[in-house]
Amino acid sequence: MTIDSHQHFWMYDAVRDAWINDQMTRIQCNFLPEDLLPVLQANGVDGCVAVQADQSEAETLFLLALAEKYSTFVKGVVGWVDLRAENLYEKLEYYSQYELLKGFRHVAQAEPDDFLMRPEVMKGIRQLTAFDFTYDILIYPTQLKAALHLVREAPNVNFVVDHIAKPYIKDGKINTWSNYMRQLAAQPHVLCKISGMVTEADWKNWTKKDFYPYLDVVFEAFGPDRLLFGSDWPVCLVAAEYEQVIGLVREYMTNIGFSESDKAKVFGENAMRFYRLEE
């Protein structure tokens, strides 16, 4: 199966979704499974993983309800829970009844740079292993040091780095980011999503070649066994259409000479394995 490992659904709310600013008018509207399905079909994608965009348990339940209704192609959910809650274990135990809930994420990019290495956060993330939940790491490059500390201190948690840790593609900065990404990749329980790249580039003037140095780093560091394609739809629409996003990675892998079996891993098999998705 071809799987999009990272996309979002929402009923647009201008107050709650204030991060969708006036430069992002393209996505200031509702995006639901019935909107995504024809896009997936047009691009040869069989299923997807819906990832939280709002920091609330209501968001988790909203995504789970959609996944239940559209389970033929919404194969899993990455929800949100307060990792610092005193009753976190009980919350996780409750959520473990939902087979389509695969893991959790916190918008750590909006937190101080040391957030992921704070003891109460690490304690919460470690508890995910009791119920086989994964953790998506959403960060900016300035937070890579904390992320590296986290994954080293939580060797039993299955991690995936979202959006290749949002390098500064528009500015062409790569060295510090690439150094930390290689250190993260040295941890065998850490995977990485090839997603969210176009929104870190010049939205109106990017070219395919802008992304190749960054793709070179993650493919060299993680290899095709630990990379997952994700579209970041609909956020990607502020900079590129879905077919451009998936086409970029497909073309790169073809140009570099990756085998069909390696492509199958990046475009589905790794997501199926990491998130324990059903066919």
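These numbers come from a predicted model, not from an experiment. Both backbone and side-chain heavy atoms feed into the values below; hydrogens, waters and symmetry mates do not.
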TODO: Would you sort out whether C48 and F73 count as a side-chain contact (heavy atoms from CB on, under 4.5 Å), showing the intermediate values?
DONE: CA-CA 6 Å; C48 60; F73 67 97; 4.2 Å; yes
Given 3.5 Å as the limit, does a donor-acceptor pair link the side chain of [X] with the main chain of [Y], or not?
{"X": "E200", "Y": "I169", "value": "no"}
{"X": "N179", "Y": "N175", "value": "no"}
{"X": "D136", "Y": "R105", "value": "no"}
{"X": "Q55", "Y": "H106", "value": "no"}
{"X": "K91", "Y": "V81", "value": "no"}
{"X": "T129", "Y": "V157", "value": "no"}
{"X": "Q97", "Y": "Y94", "value": "yes"}
{"X": "Q244", "Y": "E241", "value": "yes"}
{"X": "N21", "Y": "Q23", "value": "yes"}
{"X": "W177", "Y": "I164", "value": "yes"}

Atom [atom1] in [X], atom [atom2] in [Y]: separation rounded to 0.5 Å?
{"X": "S96", "Y": "L128", "atom1": "OG", "atom2": "CG", "value": "12.0 Å"}
{"X": "E111", "Y": "Q109", "atom1": "CD", "atom2": "CD", "value": "10.0 Å"}
{"X": "M1", "Y": "E278", "atom1": "CE", "atom2": "CD", "value": "10.5 Å"}
{"X": "M253", "Y": "I194", "atom1": "CE", "atom2": "CD1", "value": "7.0 Å"}
{"X": "L63", "Y": "L100", "atom1": "CG", "atom2": "CG", "value": "11.0 Å"}
{"X": "K265", "Y": "S261", "atom1": "NZ", "atom2": "OG", "value": "5.5 Å"}

Hydrophobic cluster identity match, [X] and [Y], side-chain contacts under 4.5 Å:
{"X": "V51", "Y": "M11", "answer": "no"}
{"X": "L92", "Y": "L83", "answer": "yes"}
{"X": "F267", "Y": "V245", "answer": "yes"}
{"X": "V74", "Y": "W80", "answer": "no"}
{"X": "Y140", "Y": "V235", "answer": "no"}

TODO: For F219, check ring-ring contact (aromatic ring centres under 6.0 Å, His included) against everything at least two apart and list the hits.
DONE: Y252, F258
Min side-chain heavy-atom separation [X]-[Y] under 4.5 Å:
{"X": "H6", "Y": "V160", "answer": "no"}
{"X": "W10", "Y": "P234", "answer": "yes"}
{"X": "L237", "Y": "F31", "answer": "yes"}
{"X": "F159", "Y": "L150", "answer": "yes"}
{"X": "Y180", "Y": "P141", "answer": "no"}
{"X": "Y214", "Y": "M181", "answer": "no"}
{"X": "H163", "Y": "L138", "answer": "yes"}
{"X": "I27", "Y": "Y12", "answer": "no"}

- [ ] Give the intermediate values and the outcome of side-chain contact (heavy atoms from CB on, under 4.5 Å) for residues V78 and Y275.
- [x] CA-CA 9 Å; V78 176; Y275 286 124; 3.6 Å; yes
Indicate the atoms forming the closest heavy-atom contact of [X] with [Y], along with that distance.
{"X": "W203", "Y": "M24", "value": "CH2-CG, 3.7 Å"}
{"X": "R250", "Y": "G44", "value": "NH2-O, 4.2 Å"}
{"X": "D4", "Y": "G230", "value": "OD1-CA, 3.4 Å"}
{"X": "A147", "Y": "I139", "value": "CB-CD1, 3.7 Å"}
{"X": "A53", "Y": "E59", "value": "N-OE2, 2.7 Å"}
{"X": "C236", "Y": "S231", "value": "CB-O, 3.4 Å"}

TODO: For the pair E120 and K123, find out whether any cationic side-chain nitrogen is under 4.0 Å from an anionic carboxylate oxygen.
DONE: no
Open item on the list: So that I can tick it off, tell me whether D132 and R276 are bridged by a salt bridge, with the cut-off set at under 4.0 angstrom between side-chain N and carboxylate O.
Closed with: no
Side chains of [Y] and [X]: any donor to acceptor distance under 3.5 Å?
{"X": "D232", "Y": "H8", "value": "yes"}
{"X": "K166", "Y": "T199", "value": "no"}
{"X": "E57", "Y": "Y95", "value": "yes"}
{"X": "D210", "Y": "T207", "value": "yes"}

- [ ] Determine, stepwise, if the pair L116 / H149 fulfils side-chain contact (heavy atoms from CB on, under 4.5 Å).
- [x] CA-CA 8 Å; L116 288 177; H149 181 80; over 6 Å; no
Open item on the list: Testing K208, K209, K263 one by one against E251 for a salt bridge (charged side-chain N to carboxylate O under 4.0 Å, His left out), which residue passes?
Closed with: K208
TODO: Show the numbers, then the answer: is there a side-chain contact (heavy atoms from CB on, under 4.5 Å) between M272 and I3?
DONE: CA-CA 8 Å; M272 298 283 288; I3 300 291; 3.8 Å; yes
- [ ] Return yes when atom CD of E86 has more than 12 non-hydrogen atoms of other residues, nucleotides or ligands closer than 6.0 Å, and no otherwise.
- [x] no
TODO: Please name all residues satisfying side-chain contact (heavy atoms from CB on, under 4.5 Å) with R152, sequence neighbours left out, ordered by chain then number.
DONE: L148, Q183, Q187
